[in-house]
Amino acid sequence: MKNAELAKLFEHVADVLAVLGENVFRVNAYKKIARTLDEMPGDIEALAKTESLEDVPGIGKASAEKIGEYLRTGKVREFEDIFGQVPAGVMEIMRIPTVGPKTVAILWNEGGVNSLEKLKAKIEDGSLIGLPGIGAKKLEKIKENMAFLATSAGRIRIGEALPIAVELVEFLKSVKDVKNAQYCGSLRRGKETIGDVDIAVAAEETFAAAINEALRKHQVVAQIIQSGPSKTSFRTSAGLQVDVRIVPPESFGAAVQYFTGSKEHNVRVREIAVKKGLKINEWGVFKVKGEKEERIGGATEEEIYDAIGLATVPPEMREDRGEVEWAIEQGTSTSGGRIESELERFVSKLPQRIPSGNSAADAIHRQYRPEILRLLDIGYSKYLPKVRWVDMGNSNQELVDAFEAALVGIFDPPLNSQKLMRLSVAEDLISRYGAQQLYKEAQNATDWVSCDNAGARARALKSIPKGKRGVYLFKAGSSGWTQQQLGYIGKAAVGKAGSSDIRYRIKDHFDDESRADNFPDKFLQLLRSFVMRESPQCYAIELVELADIRGDLHMHTVASDGVCSIEEMVAECKRRGYQYCAITDHSKSQFQANGLKVDRLMDHIKAIHAVAKEAERSGILVLAGSEVDILADGSLDYEDDVLAKLDWVVASPHAALTQESDAATQRLVRAAANPHVCVIGHPTGRIVPSRRGLEPDMQKVIFAAARNGIALEINANCYRLDLRDTHVKMAVDANVPICINTDAHGIPDFDQMIYGVLTARRGWATAAHILNARPLAEFKSWLKGRKEAAAW
DNA sequence: GCCGTTTTCGGCCCGACTGTTTTCAGTCG
Ligand SMILES: Nc1nc2c(ncn2[C@H]2C[C@H](O)[C@@H](COP(=O)(O)OP(=O)(O)OP(=O)(O)O)O2)c(=O)[nH]1
Ligand SMILES: [Mg+2]
Ligand SMILES: [Mg+2]
Ligand SMILES: [Zn+2]
């Protein structure tokens with residue numbers, strides 16, 4: 001997979017261009033593309049073959065071409081030229097903290113510095129002092145910071161960061177006059193790796209200095225990076241950076257929201273605020289009235305999201321992966337409705353006859369547009385109380401589309417149904433066939449196809465040749481397209497589309513010729529038909545929680561490489577209140593882990609069943625299982641007749657983890673097809689952060705799991721977290737059951753469960769998606785289904 | 001460079017801390 005190297009390429013070119021003084025927005029555009037490529041769950045090369053990269057949000061014509069060029073030739077000529085302008089040694093300098101592109105440019109152009117070594121030497125001989133903006137202090141800092149060069153190893157696993165953060169938060173809460181403290185940043189979002197620890201503190205302004213002082217004296221503080229009245233950053237002796245932000249209690253919610261991020265999420269949220277005449281920062285939400293600002297909230301996170309009409313987004317979802325659109329769609333329920341009278345009043349103002357000719361029609365369109373939007377706001381918030389209109393172009397898109405199409409369809413012939421038709425696609429079709437398949441079907445059936453999105457449609461209108469027709473896929477239902485579903489086919493992939501269950505075809509409504517004459521009537525009728533509809537129940541999402549977990553279905557004992565007996569592991573599960581668990585020691589090929597040969601396995605099953613019998617009385621179901629190795633070709637490490645003797649089969653890959661993507665896909669798909677398998681354990685075999693593991697076409701693996709009715713594991717151990725967050729989202733979208741297992745080898749390992757839960761939450765999983773969140777009876781019935789499949 | 005209901009130009013989130021800037025740029029969160 002070339003995603004990572006392409007991401008690096010764009011990241012690097014962004015840095016080099018910044019040194020060359022290029023427009024910062026272009027630099028940021030490249031950085032955004034780098035992030036997109038890095039986080040893309042599928043293979044960019046496969047995507048480029050089947051779909052247009054231009055439809056990926058953030059990637060335009062220019063970059064799509066460059067990516068294509070790279071995939072063909074392994075190079076981007078324009079980038080090579082750019083790299084040629086700045087020696088590699090110069091770029092190394094930018095890895096020093098506090099040294100950014102401007103400083104690099106000056107050191108290089110005016111100071112003749114072209115490597116880290118030269119920089120060191122020139123700082124020593126004093127020849128750099130006097131360069132523009134560079135003095136003794138700055139150079140001293142640079143010299144110190146050369147010990148902290150940015151490296152990819154700079155991130156630590158969440159399991160290592162969390163305990164440190166919790167302890168620091170406890171300490172801060174114990175400091176006098178501290179009202180509240182909360183860790184934020186990537187840690188609160190539950191990311192698998194953590195760059196630094198971010199903590200927000202609530203305290204009256206007058207106490208901030210004292211709190212800062214107490215913090216600076218804390219024993220873990222090895223080096224203060226910076227410290228001002230509201231913000232202190234330091235490094236611990238272990239080299240971990242900690243950022244602490246102190247704000248007054250009335251700003252605590254705003255500060256937590258800001259500090260939790262992600263950056264990309266914050267930017268989206270703040271952009272929405274701007275469009276609504278508001279301003280959001282870490283101090284609160286403000287109404288902007290010319291020069292003056294009026295504070296309207298900030299004590300809680302809810303106040304922030306509420307102010308802009310968004311549902312509060314769970315921290316783990318805040319990655320700008322569609323959650324903003326989701327939150328708009330959920331909305332808040334505030335304004336009451338006066339729909340009928342408003343409606344009548346508005347409609348009575350509409351002209352009885354639409355003038356012919358585009359310019360006159362345009363003028364009317366412009367004149368009424370704000371009124372329509374305002375009306376929709378009122379109408380929607382009353383009849384669909386959880387869905388609230390937020391400014392332009394978002395969740396009520398289909399409603400706006402409907403009305404605007406009504407207007408435009410009459411005013412503006414080119415945008416009517418002759419060329420472009422909306423095709424609603426129901427959720428069950430998507431889960432049955434997969435979005436890609438539907439898209440391809442549509443492609444075969446028509447001349448042009450896209451998913452639902454204003455920009456895409458606008459382009460479509462231009463690109464559809466005269467006399468041809470196009471279709472755009474609109475996802476009916478509550479959740480909108482996801483990137484995974486469309487495989488980044490359309491801009492809507494980030495979630496522009498979809499909200500209520502309105503299914504609408506422009507064609508159906510506006511094909512009759514006489515429509516223009518009784519337009520107001522028609523319009524009213526249409527509007528009623530939408531807003532009077534039964535409102536769907538949509539509550540803000542309840543993601544799975546640690547307390548929902550009712551069992552652990554992957555653990556080891558002394559029989560293989562664990563350190564506890566069956567009894568000890570079961571007792572711990574019981575202690576945790578689990579209703580079921582599975583003992584799954586390694587299979588025979590895992591000889592280095594003392595994997596069990598068949599005869600030992602048979603004895604082990606007996607031993608587990610003996611413990612199970614005891615355990616049953618104390619109310620916990622114990623399954624005799626195995627973690628069966630998936631061999632390189634996808635076959636399993638035990639024969640089927642052996643597998644049939646087990647109550648529970650986790651099949652996981654352990655060796656040959658560097659095989660080609662296609663081989664990996666086949667391997668996992670084949671394993672998933674074995675009817676004895678219950679769940680695929682740590683499907684990629686990756687190790688965080690260093691080993692990439694298998695890179696299968698995860699969509700195919702997930703479909704295979706769906707076809708065969710098996711589950712996929714989130715291995716909760718913070719060294720694995722496999723499935724990873726983006727893969728979880730794909731599994732959730734496909735409705736494949738997910739097991740969150742600790743893979744415990746000893747008692748403390750059970751504590752890893754939380755990291756699996758956080759990863760599940762990052763994939764938008766609710767308890768309903770998690771197999772081991774089901775009550776015992778339900779779990780048993782699922783298992784029975786599996787056993788029947790195996791017997792059949 | 002990307003994007004779009006102000007649509008092919010013109011805007012792109014917002015603020016703290018530091019140093020050397022006599023009024024704010026650079027870097028970072
Ligand atoms: N509005 C806004 N907020 C930002 C920006 N940069 C960072 N933040 C906020 C959101 C981040 O989650 C939070 C903490 O910054 P960090 O650099 O520590 O990032 P984060 O913790 O998300 O990831 P990390 O694991 O530390 O690399 O500060 C920015 O440019 N604008
Ligand atoms: Mg952080
Ligand atoms: Mg930070
Ligand atoms: Zn295991």
Side-chain angles (χ1 to χ4, degrees), chain A residues 10 13-14 17-18 22-33 36 54 56-66 94 96-106 129-142 145 150 184-186 195-196 198 200 224-233 241-247 254-255 258-275 278-283 286 365-366 369-370 372-373 391-394 396-397 400-401 403-405 407-408 415 453-459 461-462 491 496:
Chain A
F10 274 85
V13 84
L17 284 172
E22 175 63 72
N23 176 313
V24 288
F25 296 107
R26 184 181 172 205
V27 171
N28 285 339
Y30 282 142
K31 288 203 162 160
K32 185 175 175 197
I33 291 172
T36 303
E54 263 188 74
V56 179
I59 300 182
K61 194 158 186 280
S63 295
E65 269 166 20
K66 293 191 174 84
M94 212 157 87
I96 305 169
T98 73
V99 177
K102 305 286 182 197
T103 311
V104 168
I106 286 169
I129 294 198
L131 292 180
I134 292 180
K137 271 191 174 168
K138 198 169 257 180
L139 287 176
E140 184 56 31
K141 200 161 241 180
I142 288 173
N145 283 339
C184 302
S186 47
D196 68 357
D198 305 287
I224 300 284
I225 298 166
Q226 56 175 199
S227 184
S230 88
K231 180 177 155 182
T232 292
S233 298
Q241 182 171 330
V242 180
D243 298 329
V244 178
R245 204 60 212 265
I246 305 176
V247 297
Y258 149 73
F259 222 18
T260 297
S262 65
K263 171 179 184 271
E264 291 74 13
H265 175 86
N266 286 356
V267 169
R268 293 292 311 277
V269 164
R270 290 173 181 206
E271 277 171 355
I272 291 170
V274 169
K275 284 197 194 142
L278 301 170
K279 184 176 74 171
I280 293 175
N281 58 32
E282 63 267 49
W283 302 98
F286 305 85
H365 186 190
R366 262 198 302 277
R369 188 180 151 65
I372 294 172
L373 294 178
D391 205 61
M392 316 285 209
N394 48 41
N396 292 353
Q397 192 64 53
V400 178
D401 278 352
F403 297 117
E404 296 233 310
L407 293 168
V408 173
L415 194 66
N453 164 272
R457 286 202 300 281
R459 269 197 300 282
L461 283 169
K462 284 190 185 158
K491 305 280 182 186
K496 263 274 162 80

Candidate nucleotides B:dT27, B:dG1, B:dG29, ranked by approach to the side chain of A:Arg26 - the nearest: B:dG1

Scan A:Asp198 against the nucleic acid and name what it touches under 4.0 Å (heavy atoms): base, sugar-phosphate only, or nothing. sugar-phosphate

With rounding to whole Å, what would you report as the distance between B:dC12 and B:dT21 at their C1' atoms? 26 Å

Name the pairing partner of B:dT8, where a pair is Watson-Crick or G-U wobble with both distances under 3.5 Å, or state none. none

Is any side-chain N or O of A:Thr98 closer than 4.0 Å to OP1 or OP2 of B:dG26? no

The residue, A:Tyr30 or A:Asp243, whose nearest nucleotide of DNA chain B is more 5′ is A:Tyr30

Interatomic distance at P, B:dG26 relative to B:dT20, whole Å: 14 Å

Contact class for A:Glu65 (heavy atom, under 4.0 Å): base, sugar-phosphate, or nothing? nothing

Heavy-atom nearest pair, A:Asn281 first then A:Ala254, reads O-CB, 3.7 Å

What is the distance from NZ of A:Lys61 to C1' of B:dC2, rounded to the nearest Å? 14 Å

Picking from B:dG29, B:dG26, B:dG1, the nucleotide nearest the side-chain atoms of A:Phe259 would be B:dG29

Where do A:Phe259 and A:Ala200 come nearest, in terms of heavy atoms and distance? CD2-N, 4.0 Å

Take atom C1' in B:dG15 and the same atom in B:dG10, then report the distance between them in whole Å. 24 Å

Run the side-chain contact (heavy atoms from CB on, under 4.5 Å) check on A:Arg268 and A:His265 step by step: do they pass? CA-CA 5 Å; A:Arg268 293 292 311 277; A:His265 175 86; 5.8 Å; no

Using the P atoms only, state how far B:dG4 lies from B:dT8, rounded to an integer number of Å. 13 Å

Among residues at least two apart in sequence or on other chains, which ones pass side-chain hydrogen bond (donor to acceptor under 3.5 Å, both in side chains) with A:Thr232? A:Asn212, A:Ser227

With a 4.0 Å cutoff (strictly under), does any side-chain N or O of A:Gln241 reach OP1 or OP2 of B:dC28? no

For B:dC13 versus B:dT23, give the span between their C1' atoms, rounded off to a whole number of Å. 24 Å

Are A:Leu139 and A:Ile129 packed together at the side-chain level, in the sense that at least one heavy-atom pair is separated by less than 4.5 angstrom? yes

With sugar-phosphate taken as primed atoms, P, OP1 and OP2 and all else as base, the protein-contact string of nucleotides 11-20 of chain B at under 4.0 Å (heavy atoms; B, S, -) is -BBBSSSSSS

Take atom C1' in B:dT18 and the same atom in B:dC9, then report the distance between them in whole Å. 37 Å

So A:Ser233, base contact, sugar-phosphate only, or nothing? Heavy-atom distance under 4.0 Å. nothing

What are the two closest heavy atoms between A:Ser233 and A:Asp243, and how far apart are they? OG-OD1, 2.7 Å

Could you say whether A:Lys66 or A:Pro97 is positioned toward the 5' end of DNA chain B, judged by the nucleotide with the nearest heavy atom to each? A:Lys66

For A:Lys102, give me all partners under side chain to side chain contact (heavy atoms under 4.5 Å, CB included), at least two apart in sequence or on another chain. none

